[in-house]
Structure formats: C-alpha cells, structure tokens
Amino acid sequence: MLKIYHNPRCSKSRQTLALIEAAGAQAEQVLYLVDPLSPADVKDLLAKLGFTDAQQLMRKGEAIYKELNLKSETDQDVLIEAMSAHPKLIERPIVVKGNHAILGRPPENVAKFL
C-alpha cells in the first residue's frame, strides 16, 4: 500500500491522489498539516526521497521560510526542526512505497510507483 503526505487544499496533491486512485491503487492519507511530522519522520522522508539536503524538501515561497531566514541556513537539524514545527514548509505531495518515496511534482512522477 502507498502512503501519501497530502494537503487536500493543494491542487498538485489532489491530482496525485486522483492518479493513484485512477490506477486502482490504495493510499493511506497522512494529513501532515493537521498532525505535524516529528523531526525523525522528516529525516525518514528525506532518506526515502534520497535527498541529501533538507532544503530540497522545503517550500521556499512560503512566508515562514523568509521569516525564519532559512535560505542561508545550512544546519540540517535546524531545517528539519523548522519543517516539523511549521509543516507548511514541507513540499507536497510525497508518496511513499516501502523504503522509497517520490515527490508528486509533477503529479505524473507517482506513475513510477503504480
């Protein structure tokens, strides 16, 4: 079964979920804005995505990104803590299959898991 870190208000997240469902696959929905991820969960996602820098998972256009002056931050723990404390900073959607994850931007990326 797939797991999708989902924001129902995000069009890309909705499109990705629709692609999963259209393929007949099931996905557990994780509403990470309602139930924020722990720093350990964020680290786990980074590893599954194969990202070496937490900045790769961050939404740089969010106001909180600018407010916290994260652009020049290089301490991975600080970036991970910021995503845990401010889940809006996490790029979406993220689809997980086993020990691998993929960012659904564009939504068609998820086809690799279907």
Side-chain angles (χ1 to χ4, degrees):
M1 177 186 272
L2 301 174
K3 183 184 287 190
I4 182 171
Y5 289 82
H6 182 55
N7 176 358
R9 296 185 66 187
C10 170
S11 64
K12 298 294 183 202
S13 196
R14 290 192 309 270
Q15 290 170 12
T16 300
L17 183 59
L19 285 172
I20 292 169
E21 291 172 343
Q26 293 184 342
E28 173 190 349
Q29 294 181 40
V30 177
L31 302 176
Y32 66 95
L33 292 176
V34 175
D35 188 16
L37 305 177
S38 71
D41 292 334
V42 175
K43 282 183 184 180
D44 183 57
L45 281 176
L46 288 166
K48 287 179 179 176
L49 286 160
F51 291 172
T52 56
D53 184 344
Q55 290 276 4
Q56 293 173 272
L57 188 56
M58 299 188 93
R59 295 177 55 82
K60 296 168 182 70
E62 291 292 332
I64 191 71
Y65 183 83
K66 294 173 182 84
E67 289 171 25
L68 295 175
N69 195 31
L70 295 173
K71 183 178 182 177
S72 59
E73 184 59 63
T74 59
D75 185 322
Q76 297 300 297
D77 289 331
V78 170
L79 295 169
I80 289 166
E81 287 285 342
M83 285 188 275
S84 178
H86 306 281
K88 279 183 145 183
L89 287 170
I90 300 172
E91 189 61 83
R92 61 192 178 256
I94 303 165
V95 179
V96 177
K97 181 179 182 181
N99 290 323
H100 302 284
I102 197 161
L103 199 53
R105 286 192 173 266
E108 295 76 26
N109 281 351
V110 76
K112 298 171 187 167
F113 282 176
L114 303 175

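The basis for the numbers below is simple: all heavy atoms, side chains too, and nothing from hydrogens, waters or symmetry mates.
Cluster annotation: Leu57 and Ile4 are assigned to distinct hydrophobic clusters (Ile/Leu/Val/Met/Phe/Trp/Tyr, side-chain heavy-atom contacts under 4.5 Å, transitive). Each of Val96 and Leu31 belongs to its own hydrophobic cluster when Ile, Leu, Val, Met, Phe, Trp and Tyr are linked at side-chain heavy-atom distances under 4.5 angstrom. Linking ILVMFWY side-chain heavy atoms closer than 4.5 Å, directly or via other members, places Leu70 and Ile90 in a single hydrophobic cluster. In this structure, Ile94 is a member of the same hydrophobic cluster as Ile80, with clusters built from ILVMFWY side-chain heavy atoms closer than 4.5 Å. Follow the hydrophobic side-chain contacts under 4.5 Å out from Val95 and you never reach Leu49; the two are in separate clusters.
The heavy-atom pair separating Lys12 from Arg105 by the smallest distance is CG-NH1, 3.3 Å. Tyr32 and Pro87 make their closest contact through CE1-O, 3.3 Å (heavy atoms, listed as atom of the first residue, atom of the second, distance). The shortest non-hydrogen separation linking Leu2 to Phe113 is CD2-CB, 4.2 Å. Scanning both residues, Leu89 and Ala82, for their nearest heavy atoms gives CD1-O, 3.6 Å. Contact detail for Arg59 and Glu62: the closest heavy-atom pair is NE-OE2, 3.1 Å. In plain terms, the two heavy atoms of Lys66 and Gly61 that are nearest each other are NZ-O, 3.4 Å.
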- Task: Show your reasoning for whether side-chain hydrogen bond (donor to acceptor under 3.5 Å, both in side chains) applies to Tyr65 and Gln55.
- Result: CA-CA 10 Å; Tyr65 183 83; Gln55 290 276 4; 2.7 Å; yes
- Message: Set out, in order, the CA-CA distance, both residues' side-chain angles and the distance that settles side-chain contact (heavy atoms from CB on, under 4.5 Å) for Leu68 and Glu73, then state yes or no.
- Response: CA-CA 9 Å; Leu68 295 175; Glu73 184 59 63; over 6 Å; no
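Heavy-atom contacts from other residues, nucleotides or ligands closer than 6.0 Å to CG of Asp75 number more than 12.
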With a cut-off of 3.5 Å and sequence neighbours excluded, list every side-chain donor-acceptor pair involving residues 33-46.
unit_1 : atom_1 : unit_2 : atom_2 : d
Ser38  : OG     : Ala40  : N      : 3.4
Ser38  : OG     : Asp41  : N      : 3.0
Ser38  : OG     : Asp41  : OD2    : 3.2
Asp41  : OD2    : Ser38  : N      : 3.3
Asp44  : OD2    : Lys48  : NZ     : 3.2

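Taking CZ of Arg92 as the start and OG1 of Thr16 as the end, the distance is 11.0 Å to the nearest 0.5 Å. To the nearest 0.5 Å, atoms CD (Gln26) and CD (Glu21) are separated by 9.5 Å. Once rounded to the nearest 0.5 Å, the distance linking CZ of Arg9 with CZ of Arg14 reads 9.5 Å. Here the straight-line distance linking atom NZ of Lys60 with atom CD of Glu91 works out to 8.0 Å at 0.5 Å rounding. Taking CG of Leu79 as the start and CD of Gln56 as the end, the distance is 11.0 Å to the nearest 0.5 Å.
Inter-residue side-chain proximity for Gln15 and Glu108 is flagged as unmet; no heavy-atom pair is nearer than 4.5 Å.
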